[in-house]
**Student:** 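Before we start, here is the structure in question, set down as structure tokens.
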Number of protein chains: 2
Amino acid sequence: MPTRSQTQTAVLGALSIHPMTGYAVRENIRDVLGHFWSESFGQIYPTLAELEREGLVERQEPEHPRSAPFSATAAGLEKLRELLREPPQSAKPRNGLLLRLFFGRQLGANECRELIEAARSQAEVQLAELGAERRSLVEQPDLDKDAPFILLTIIAGEHGARATIAWADDALAILDEMLPA
Amino acid sequence: MPTRSQTQTAVLGALSIHPMTGYAVRENIRDVLGHFWSESFGQIYPTLAELEREGLVERQEPEHPRSAPFSATAAGLEKLRELLREPPQSAKPRNGLLLRLFFGRQLGANECRELIEAARSQAEVQLAELGAERRSLVEQPDLDKDAPFILLTIIAGEHGARATIAWADDALAILDEMLPA
DNA sequence: CGCTACATGTAAGGTGTTACATGATTCC
DNA sequence: GGAATCATGTAACACCTTACATGTAGCG
């Protein structure tokens, strides 16, 4: 119920794809889930320790090698399915760009234009990155069972980025029309 | 610099439009900024007290009436402009829906379809609400100076909602194609 | 042999939510 | 007079980030 379990979801989910170290969990969350999820270092290790205590994950060679990967146990996979079935809770919205634009009168139309153009550029970069990710996804042979689901998240990002670009163009036109420089 | 100042930004911004009580600040943030911002009760009152200590806001009739509205001082407006000029920082992404879909193999295609359809419905409701808001915006005479900027945030929400609807349709098609029931 | 990347963890501090507590005013 | 709404605040707790601390392994 608390948001903490969403960290558990992300960590268990990562280990459900294949076993890996805590360090790799962090890199995967950053690089693969990065466009819609984030976890910090200080969350991942305590969560792994907690999951190990509860028997939901285990390490290959108990103790010795410092780099023994964690893997999800059967109970862990069951727990993951249970967590995934809970209603999705998204973070409270906090869009710093829109907050600035809402009070844009104080900021001035020109500074607003700059903010919008910066957001547009960023969205174009993201669109290119996600396109590359999508193309490389179809070449991965080992993920075929997960691929359709991963694809859903990539195209969500692409739709979002294209919406940002279209919005930016509309927004700049509105400023030009209503507040000519 | 800390995120705390973004709460200051929202509160000062609300008071920059017109004076109001803390209670009204909260209602306005929820109802007007709601689709891209949120602040909780426990943030707003301490922030108002802090702003008052710093001379950035003041109450009309000092002390007596419990319902004396706060208003931004000249220093408060200056501070607001300063805060607005700081680079926008958005919350770390945490999309519970996409997290579930990414690990959708564990959840099953049918439960994923339900999640996507629910998101689509929600986006349609939001699109309708924002459309109504946009139409009522042009009828407000007292906001004409702020109206162009408010319009930018409304159409941002509309673009986002339309993107969610288009994505949902694509996503359902992908599931039907790659994982026929 | 030194630098970078891998690997694990802790502690402090900041942010934000929730629940609780209190009272005035207004409307029925 | 009672219920809903307006109004203000606090305290406990959950959450998350950052910086620090430590050590190993591999590579040039």
Side-chain angles (χ1 to χ4, degrees), chain A residues 1-11 14-15 19-31 33-34 37-53 57-71 83 89-96 99, chain B residues 1-11 14-15 19-31 33-34 37-53 57-71 83 89-96 99:
Chain A
M1 202 184 285
T3 318
R4 169 54 149 264
S5 42
Q6 299 223 99
T7 296
Q8 288 199 353
T9 309
V11 172
L15 296 179
M20 62 184 93
T21 65
Y23 190 85
V25 168
R26 179 249 196 168
E27 290 204 314
N28 273 281
I29 290 178
R30 175 168 44 97
D31 298 339
L33 273 51
W37 200 259
S38 77
E39 292 294 347
S40 68
F41 240 65
Q43 289 285 98
I44 289 171
Y45 283 112
T47 298
L48 276 170
E50 195 187 331
L51 291 171
E52 194 175 25
R53 249 182 288 119
V57 305
E58 60 188 9
R59 316 193 78 159
Q60 304 301 58
E61 300 289 318
E63 307 302 306
H64 304 123
R66 203 156 184 73
S67 63
F70 293 89
S71 60
L83 290 172
Q89 31 177 224
S90 285
K92 294 284 152 77
R94 286 209 133 199
N95 186 321
L99 184 67
Chain B
M1 201 185 284
T3 317
R4 169 55 149 261
S5 41
Q6 299 223 98
T7 295
Q8 287 199 354
T9 310
V11 171
L15 296 178
M20 63 184 92
T21 64
Y23 191 85
V25 168
R26 179 248 193 169
E27 290 203 316
N28 274 281
I29 289 178
R30 175 166 44 94
D31 299 339
L33 274 51
W37 200 259
S38 79
E39 291 295 345
S40 69
F41 241 67
Q43 290 284 99
I44 290 171
Y45 282 113
T47 298
L48 276 169
E50 196 187 330
L51 291 171
E52 195 175 24
R53 247 182 289 119
V57 306
E58 61 187 9
R59 316 193 78 159
Q60 303 301 60
E61 300 287 319
E63 308 303 308
H64 305 123
R66 202 157 185 72
S67 61
F70 292 90
S71 61
L83 289 172
Q89 34 179 221
S90 284
K92 294 282 150 78
R94 286 209 133 198
N95 187 321
L99 185 67

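Labels below follow one simple rule: chain letters A, B, ... track the order of the sequence lines, proteins then strands, and each chain is numbered from 1.
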**Student:** B:Phe41 CZ to D:dC6 C1': how many Å, rounded?
**Tutor:** 9 Å
**Student:** Could you tell me the separation between the CZ atom of A:Arg30 and the C1' atom of D:dT17, rounded to a whole number of Å?
**Tutor:** 15 Å
**Student:** Report yes or no: does A:Ser90 contribute a side-chain atom to a donor-acceptor pair with the main-chain N or O of B:Gly96 at less than 3.5 Å?
**Tutor:** yes
**Student:** If I take atom CD1 in residue A:Ile44 and atom P in nucleotide D:dC15, what distance separates them, rounded to the nearest angstrom?
**Tutor:** 16 Å
**Student:** Given C:dG16, C:dC6, C:dT8, identify the nucleotide with an atom nearest to the side chain of A:Phe70.
**Tutor:** C:dT8
**Student:** Between B:Gln6, B:Glu39, B:Gln89, which is the residue that forms a side-chain hydrogen bond (donor to acceptor under 3.5 Å, both in side chains) with A:Arg94?
**Tutor:** B:Glu39
**Student:** Taking atom P of C:dT15 as reference, at what distance in whole Å does atom CH2 of B:Trp37 sit?
**Tutor:** 12 Å
**Student:** Does A:Thr7 put a side-chain nitrogen or oxygen below 4.0 Å from OP1 or OP2 of D:dC15?
**Tutor:** no
**Student:** Which one, C:dC6, C:dG9, D:dG9, comes nearest to the side chain of A:Glu27?
**Tutor:** C:dC6
**Student:** When you check the gap from the basic side-chain N to the acidic O, do A:Glu50 and A:Arg53 get nearer than 4.0 Å?
**Tutor:** no
**Student:** Which listed nucleotide (C:dT8, C:dT10, C:dG16) is nearest to the side chain of A:Pro46?
**Tutor:** C:dT10
**Student:** In terms of side-chain heavy atoms of B:Arg59, which of D:dT17, C:dG16, D:dT8 is nearest?
**Tutor:** D:dT8
**Student:** Mind calculating the distance between CG (B:Leu51) and P (D:dG9) to the nearest angstrom?
**Tutor:** 13 Å
**Student:** Mark yes or no for whether B:Ser5, through its side chain, and B:Gln8, through its backbone, hold a donor-acceptor pair below 3.5 Å.
**Tutor:** no
**Student:** Identify which nucleotide among D:dT18, D:dT10, D:dT5 has an atom closest to any side-chain atom of A:Ser40, counting heavy atoms from C-beta outward.
**Tutor:** D:dT18
**Student:** When the distance from CG of B:Asp31 to P of D:dT5 is rounded to whole Å, what number comes out?
**Tutor:** 14 Å
**Student:** Counting any heavy atom closer than 4.0 Å, what does A:Gly42 reach on the DNA or RNA strands: base, sugar-phosphate only, or nothing?
**Tutor:** base
**Student:** Could you state the CD-C1' distance from A:Glu39 to D:dC16, rounded to the nearest angstrom?
**Tutor:** 9 Å
**Student:** Rounded to the nearest 0.5 Å, what separation is found between the CH2 atom of A:Trp37 and the OG1 atom of A:Thr9?
**Tutor:** 7.0 Å
**Student:** Measure CE/B:Met20 against P/D:dT8 and give the value in whole Å, please.
**Tutor:** 12 Å
**Student:** Let's see if you can work this out: which of D:dA7, C:dC6, C:dG16 has an atom nearest to the side-chain heavy atoms of A:Arg94?
**Tutor:** C:dG16
**Student:** Considering only D:dC6, C:dT8, D:dC16, which nucleotide approaches the side chain of B:Tyr23 most closely?
**Tutor:** D:dC6
**Student:** Taking only the side-chain heavy atoms of B:Lys92 (C-beta and beyond), determine which of C:dT8, D:dT17, D:dA7 contains the nearest atom.
**Tutor:** D:dT17
